[in-house]
Amino acid sequence: MIYVVCGPTGSGKTKASLVLSEKLSAPIINADAFQIYQDMNIGTAKIEKDHPLYDRHFLLDIKKPSDSFSVQEYQYLFRKTLEQLQKQYDNIIVCGGTGLYIKASLYDYDFPKDNNVDVSDLEKLSNGELFALLEEIDHDATINLHKNNRKRVIRAITIARNGLTKSENIQKQKHEMIYSDVRILFINPDRTKLYENINNRVDQMFDEGLVNEVKNLLNNYELSLTAKAAIGYKEVISYIQGELSLEECKELIKKRTRNYAKRQITYFKNQLECEAYSSSEQLIKEIKDGINI
RNA sequence: GGGAGGGUAGCGAAGAGGCUAAACGCGGCAGACUGUAAAUCUGUUACCUACGGUUUCGGCAGUUCGAAUCUGCCCCCUCCCA
């Protein structure tokens, strides 16, 4: 059985996954886009290296902050890792908050190979022009896409220039999970409590030395575009550079984390078939009591 | 005590007689999502028994066919001089 423990940041996924891991003697595959990075610990709320269960984790600390990363690579690593682990374990836990990584790994998502087609001509086009162009070459891809979502419009055009269009690629998939026996446990706490929790956790990160962690990162690495996008890191960088006061920096991180949590909830609720739990405590209780698990 | 400027939806902030239930930003809520996803983007946000109705722009009383916008009084806030 594959147990996916998911939920927004600050919902207590890690705690619950550890309890479940002990109970089932199962390994844990990380499904968090930023916990894959080494030396990004405090800001990603990663389990400590000296934790007794640290060694049960996979896809944790596997990349340098200077490396870029993508869903495609994650999907590849996930499937490879899972295959290996399944030889040894009956139960496997997947824990993380990056919905797309989870979905792309579990379902038959198939990312086209990048042939490095030239798309430099697209940069100078307006959103409207890009959208019109996409309508010509892949009208179906346009249906659920807003013209202002420039990034995705460009990606869809790029895919089409690669060979198969995005919609053709999606059509040829069955939209089914490629694994059987998967249960997705979704921790969806009360909103007010979640937000409070996030606010407190950010303050705690600063107490634990987030600023120093970021300083060390800047000294040791040329951060990749992906690593640089992490909430809690980009803001502290602005603080270090004097663009924000400490207070502004903290508040901004809290706000962006709350916004992010909201987006995660939307994703889990609507993109995955989840069993919902109202708190990590509830999940943990059911695990311990052996209810349903 | 004298002088100046203010009080607008959850917050910030426009509007200076009808086109205003009130721009815009933030926050909130809802949603999309197939190579940066802690990203990118969209919708919505006074209230209601909602193709219509009800009550709003510090308070009260006026002027006017019509007021957030004009007048009077009152209550608060900020700054400057005492």
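Because the structure is predicted, anything quoted here is derived from the model rather than measured. Letters A, B, ... are given to chains in the order of the sequence lines, protein chains preceding strands, and every chain is numbered from 1.
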Practice problem: From the options B:rU42, B:rA30, B:rC33, select the nucleotide whose nearest atom is closest to the side chain of A:His146. | Solution: B:rU42
Quiz item: Would the number of heavy atoms belonging to other residues, nucleotides or ligands and lying under 6.0 Å from NZ of A:Lys23 be above 12?
Solution: yes
Exercise. Would you mind reading off the distance between A:Leu225 atom CG and B:rG35 atom P, rounded to a whole angstrom?
Key: 17 Å
Quiz item: Does A:Lys269 put a side-chain nitrogen or oxygen below 4.0 Å from OP1 or OP2 of B:rG31?
Solution: yes
Self-check item: B:rG28 phosphate, OP1 or OP2, under 4.0 Å from A:Arg258 side-chain N/O
Solution: yes
Quiz item: At under 4.0 Å, does any side-chain N or O of A:Arg152 touch on OP1 or OP2 of B:rG35?
Solution: no
Quiz item: Of all the nucleotides listed (B:rA39, B:rA37, B:rA32), which has the minimum atom distance to the side chain of A:Leu100?
Solution: B:rA37
Exercise. Specify the residue among A:Lys147 and A:Asp110 whose closest nucleotide of RNA chain B lies further upstream toward the 5′ end.
Key: A:Asp110
Quiz prompt | A:Leu164 vs A:Pro112 side-chain heavy atoms within contact, under 4.5 Å | solution = no
Exercise. Tell me what A:Leu145 touches on the nucleic acid: a base, only sugar-phosphate, or nothing, going by heavy atoms under 4.0 Å.
Key: nothing
Quiz item: Which part of the nucleic acid does A:Gln75 contact within heavy-atom distance under 4.0 Å: base, sugar-phosphate only, or nothing?
Solution: nothing
Exercise. Could you please name the option among B:rG28, B:rG35, B:rA37 that lies closest to any side-chain atom of A:Tyr195?
Key: B:rG28
Exercise. Output yes when at least one side-chain N/O atom of A:Lys262 is less than 4.0 Å from OP1 or OP2 of B:rA30, else no.
Key: yes
Quiz item: Heavy atoms under 4.0 Å, any strand shown: does A:Thr226 hit a base, just sugar-phosphate, or nothing?
Solution: sugar-phosphate
Quiz item: What does A:Ala104 touch in the nucleic acid at a heavy-atom separation under 4.0 angstrom: a base, only the sugar-phosphate, or nothing?
Solution: nothing
Quiz item: For atom C1', what is the distance between B:rG31 and B:rU20, given to the nearest Å?
Solution: 29 Å
Quiz item: Taking C-beta and beyond as the side chain, do A:Asn30 and A:Lys46 meet within less than 4.5 Å on heavy atoms?
Solution: no
Exercise. Take the protein atom CZ of A:Arg155 and the nucleotide atom C1' of B:rA32, then report the distance between them rounded to whole Å.
Key: 18 Å
Quiz item: Is it true that a side-chain atom of A:Tyr233 and a backbone atom of A:Gly43 form a donor plus acceptor pair closer than 3.5 Å?
Solution: yes
Quiz item: Within this structure, what is the CZ-to-P distance between A:Arg161 and B:rG35, rounded to whole angstrom?
Solution: 16 Å
Self-check item: Distance-only donor-acceptor test (3.5 Å): side chain A:Arg150, base B:rC41
Solution: no
Quiz item: Using a cut-off of less than 4.0 Å, is there contact between a side-chain N or O of A:Asn149 and OP1 or OP2 of B:rA32?
Solution: no
Self-check item: Of A:Lys113 and A:Arg256, the one whose closest RNA chain B nucleotide lies more 5'
Solution: A:Lys113
Self-check item: Length of the CG-C1' vector between A:Leu223 and B:rU36, whole Å
Solution: 14 Å
Exercise. Indicate, with a heavy-atom threshold strictly under 4.0 Å, whether A:Asn270 touches base, sugar-phosphate, or nothing.
Key: sugar-phosphate
Quiz item: Going by distance alone, is a donor N or O of one side chain under 3.5 Å from an acceptor N or O of the other, for A:Glu168 and A:Thr165?
Solution: yes
Quiz prompt | Shortest side-chain distance from A:Lys151, nucleotide among B:rU40, B:rA37, B:rA32 | solution = B:rU40
Practice problem: Can you tell me, in whole Å, how much space there is between the P of B:rC11 and that of B:rU44? | Solution: 22 Å
Quiz item: Closest to the A:Arg191 side chain: B:rA30, B:rU36, B:rU34?
Solution: B:rA30
Exercise. Whole angstrom is fine here: how far is it from CZ in A:Arg201 over to P in B:rA38?
Key: 13 Å
Quiz item: With rounding to whole Å, what would you report as the distance between B:rA82 and B:rG17 at their P atoms?
Solution: 38 Å
Practice problem: Answer with base, sugar-phosphate or nothing: what part of the nucleic acid does A:Lys255 contact at a heavy-atom distance below 4.0 Å? | Solution: sugar-phosphate
Self-check item: pair A:Val153-A:Asn127: side-chain heavy atoms closer than 4.5 Å
Solution: no
Self-check item: Matching residue for A:Lys166 among A:Asp138, A:Leu134, A:Ile157 - test: side chain to side chain contact (heavy atoms under 4.5 Å, CB included)
Solution: A:Asp138
Quiz item: What is the nucleic acid contact for A:Tyr107, judged by heavy atoms within less than 4.0 Å: base, sugar-phosphate only, or nothing?
Solution: nothing
Quiz item: Name the stems with RNA chain B in them: runs of three or more consecutive Watson-Crick or G-U pairs, distances under 3.5 Å?
Solution: B:1-7 with B:75-81, B:10-12 with B:24-26, B:27-32 with B:40-45, B:46-48 with B:52-54, B:58-62 with B:70-74
Quiz item: Base, sugar-phosphate alone, or nothing: which one does A:Thr44 contact when heavy atoms must sit under 4.0 Å apart?
Solution: base
Quiz item: Could A:Lys254 and A:Asp203 be called an ion pair, given the rule that one side-chain N must be under 4.0 Å from one carboxylate O?
Solution: yes
Quiz item: Roughly how far apart, to the nearest Å, are B:rC33 and B:rA21 at atom C1'?
Solution: 34 Å
Self-check item: Nucleotide of B:rA38, B:rA30, B:rU36 approaching A:Tyr260 most closely (side-chain heavy atoms)
Solution: B:rA38
Practice problem: Would you check if the side chain of A:Ser66 reaches a backbone N or O of A:Ser224 as a donor-acceptor pair within less than 3.5 Å? | Solution: no
Quiz item: Which nucleotide in the set B:rG31, B:rU40, B:rG35 lies at the smallest distance from any side-chain heavy atom of A:Thr266?
Solution: B:rG31
Quiz item: How long is the line joining CD of A:Glu235 and P of B:rA38, in whole Å?
Solution: 14 Å
Quiz item: A:Asp67 side chain to A:Lys64 main-chain N or O, any donor-acceptor pair under 3.5 Å?
Solution: yes
Quiz item: Do A:Arg263 side-chain and B:rA32 base share a donor-acceptor contact under 3.5 Å?
Solution: no
Quiz item: With distance as the sole test, does A:Gln282 use its side chain to make a donor-acceptor pair with the main-chain N or O of A:Tyr277 at under 3.5 Å?
Solution: no
Quiz item: Counting any heavy atom closer than 4.0 Å, what does A:Gln264 reach on the DNA or RNA strands: base, sugar-phosphate only, or nothing?
Solution: nothing
Exercise. Have a look at A:Gly232 and say if it touches a base, only the backbone sugar-phosphate, or nothing, with a 4.0 Å heavy-atom cut-off.
Key: nothing
Quiz item: Can you find a side-chain donor-acceptor pair between A:Tyr239 and A:Glu235 that sits under 3.5 Å?
Solution: no
Self-check item: B:rG10 versus B:rG28 - spacing of their P atoms, nearest Å
Solution: 16 Å
Self-check item: Spacing of A:Asn169 atom CG relative to B:rG35 atom P, expressed in whole Å
Solution: 8 Å
Quiz item: Base, sugar-phosphate, or nothing for A:Lys166, non-hydrogen atoms under 4.0 angstrom?
Solution: sugar-phosphate
Self-check item: Integer angstrom distance from the C1' of B:rU8 to that of B:rG59
Solution: 15 Å
Quiz item: Going by modelled atom types, is there a donor-acceptor pair between the base of B:rU34 and the side chain of A:His175 at under 3.5 Å?
Solution: yes
Quiz item: Does the base of B:rA38 carry an N or O that pairs as donor and acceptor with the side chain of A:Asn259 under 3.5 Å?
Solution: no
Quiz item: Side-chain N or O of A:Tyr233 less than 4.0 angstrom from OP1 or OP2 on B:rA38?
Solution: no
Exercise. In whole angstrom, give me the gap between the P atoms of B:rG5 and B:rA9.
Key: 23 Å
Exercise. Remember a base hit wins even if backbone is also touched, and classify A:Lys234 as base, sugar-phosphate or nothing at under 4.0 Å, heavy atoms.
Key: sugar-phosphate
Exercise. In whole angstrom, give the distance that lies between atom OH of A:Tyr74 and atom C1' of B:rA38.
Key: 15 Å
Practice problem: Please measure how far the C1' atom in B:rG1 lies from the corresponding atom in B:rG12, and state the result in whole Å. | Solution: 34 Å
